[in-house]
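For reference, the structure is listed below as structure tokens.
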Amino acid sequence: MIQTTPNPAPDPVPSQADEFRPGPGELRRKVYNVIFGHATAAGLTFDIALLVFILGSVVAASLETVELVNQRHGELLRAIEWGFTIIFSVEYALRLWCLRRPLRYARSFFGIVDLLAIVPTYVTLFTTAGLQSLLVVRALRLLRVFRILKLTHLMTEGHALRAALWDARDKILVFLLTVTVIVTIVGALMYLVEGPEHGFTSIPESVYWAVVTMTTVGYGDITPQTPMGKALSAVLIVLGYALIVVPSGFVSASFISNQAKDNRTCPLCKVAGHDPDAEFCRACGNALTRSVPSPRPPS
């Protein structure tokens with residue numbers, strides 16, 4: 001009887017939760033466990049130290065924009081910034097080195113943020129045209145705190161909110177167009193009623209006043225003086241209060257509808273996402289438990 005040697009099993013396909021895998025070699029795997037593995041003590045220590053460095057870098061970049069502090073401690077702050085930049089550069093290189101597919105990480109959200117966090121400092125070697133202020137982009141790296149503090153379940157709620165906003169996009173677009181038309185008309189009327197002598201020097205300036213008034217911000221840099229202008233201002237303020245609740249109603253309705261769909265799970269095949277009024281599973285045809293009560297028959 002001829003024994004055949006089974007073919008070696010292929011590498012497992014990375015799951016959505018573990019998108020990046022370590023490269024070959026024991027050293028790469030150890031570095032990977034420290035940099036990407038937050039469940040271990042070494043990984044947790046690395047992540048916390050990285051967050052401290054990020055906070056320190058953002059504070060240093062912010063203090064450098066204060067003229068008095070920059071005059072007294074400018075050289076020290078720039079030296080601290082270069083120290084943080086070197087640390088982040090080594091960290092970014094190690095992230096790419098320990099991965100099996102480094103380009104996948106480089107094109108990801110965090111990979112792009114990590115690159116943008118070190119580029120401005122190197123660009124300042126050739127120009128100083130305000131690029132130092134771009135170093136605050138490192139604050140985006142603080143999003144890793146969700147992973148460190150095991151708050152990833154909040155991301156699920158964020159996806160639900162994003163889905164609700166996307167479902168209500170048509171209603172929100174109509175709402176924004178309506179508001180745009182209202183502030184344009186009222187701005188043109190205020191330009192005719194008040195005129196340049198009261199600060200309404202142009203229709204765009206009047207539209208700016210209408211937007212500020214309708215959103216109930218009221219900076220007070222432009223105020224109507226005539227009775228007709230004050231009447232239009234009062235109407236616009238009341239209309240602004242009335243329109244505040246409109247977008248939230250759209251999003252709330254979409255959110256509740258999506259939650260109802262997510263709760264409709266087939267007890268047989270476990271497929272979720274059925275419509276609230278669906279009676280059978282779209283995958284296996286099994287009967288679903290009704291989430292919407294049937295109307296009562298007439299007595």
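- Taking every heavy atom of both residues into account, R28 and P24 meet most closely at CD-O, 3.2 Å.
- Rounding to the nearest 0.5 angstrom, the gap separating the NZ atom in K30 from the CD1 atom in I35 is 14.5 Å.
- In terms of heavy-atom proximity, V193 sits nearest to G229 at CG1-N, 3.7 Å.
- A pairwise comparison of heavy atoms in I118 and F88 identifies CG2-CB, 3.5 Å as the closest pair.
- Between L236 and I182, the closest side-chain pair of non-hydrogen atoms falls below 4.5 Å.
- Counting heavy atoms from C-beta on, the side chains of I54 and L50 come closer than 4.5 Å.
- A salt bridge links E75 to R78: one of the charged nitrogens lies within less than 4.0 Å of a carboxylate oxygen.
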Would D170 and V174 count as a side-chain contact (heavy atoms from CB on, under 4.5 Å) if you check the C-alpha gap in whole Å, the side-chain angles of each, and the deciding distance to 0.1 Å?
CA-CA 6 Å; D170 294 335; V174 173; 5.7 Å; no
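- When hydrophobic clusters are built by joining Ile, Leu, Val, Met, Phe, Trp and Tyr residues whose side-chain heavy atoms come closer than 4.5 Å, directly or via intermediates, W166 is not grouped with F175.
- With rounding to the nearest 0.5 angstrom, the CG atom of L173 is 4.5 Å from the CG atom of L177.
- With rounding to the nearest 0.5 Å, the separation of CE in M228 from CE in M190 is 10.5 Å.
- Here ring-ring contact (aromatic ring centres under 6.0 Å, His included) pairs that include residues 199-226, with residues two or more places apart or in two chains, are F200-W209.
- L63 CG to E81 CD: the interatomic distance, rounded to the nearest 0.5 Å, is 11.5 Å.
- In this structure, R72 places its CZ atom where only 12 or fewer heavy-atom neighbours from other residues, nucleotides or ligands lie under 6.0 Å away.
- V235 shares a hydrophobic cluster with no other residue; no ILVMFWY side chain has heavy atoms under 4.5 Å from its own.
- L115 and I87 end up in the same hydrophobic cluster when Ile, Leu, Val, Met, Phe, Trp and Tyr side chains are linked at under 4.5 Å.
- Here the CG-CG distance, from L94 to L99, works out to 10.5 Å after rounding to the nearest 0.5 Å.
- In this structure, Y92 has its ring center no closer than 6.0 Å to that of W97.
- V58 is not connected to V69 by any chain of hydrophobic side-chain contacts under 4.5 Å among Ile, Leu, Val, Met, Phe, Trp and Tyr, and they are in different clusters.
- Put simply, CD1 on I222 and NE2 on H198 are 12.5 Å apart, with the number rounded to the nearest 0.5 Å.
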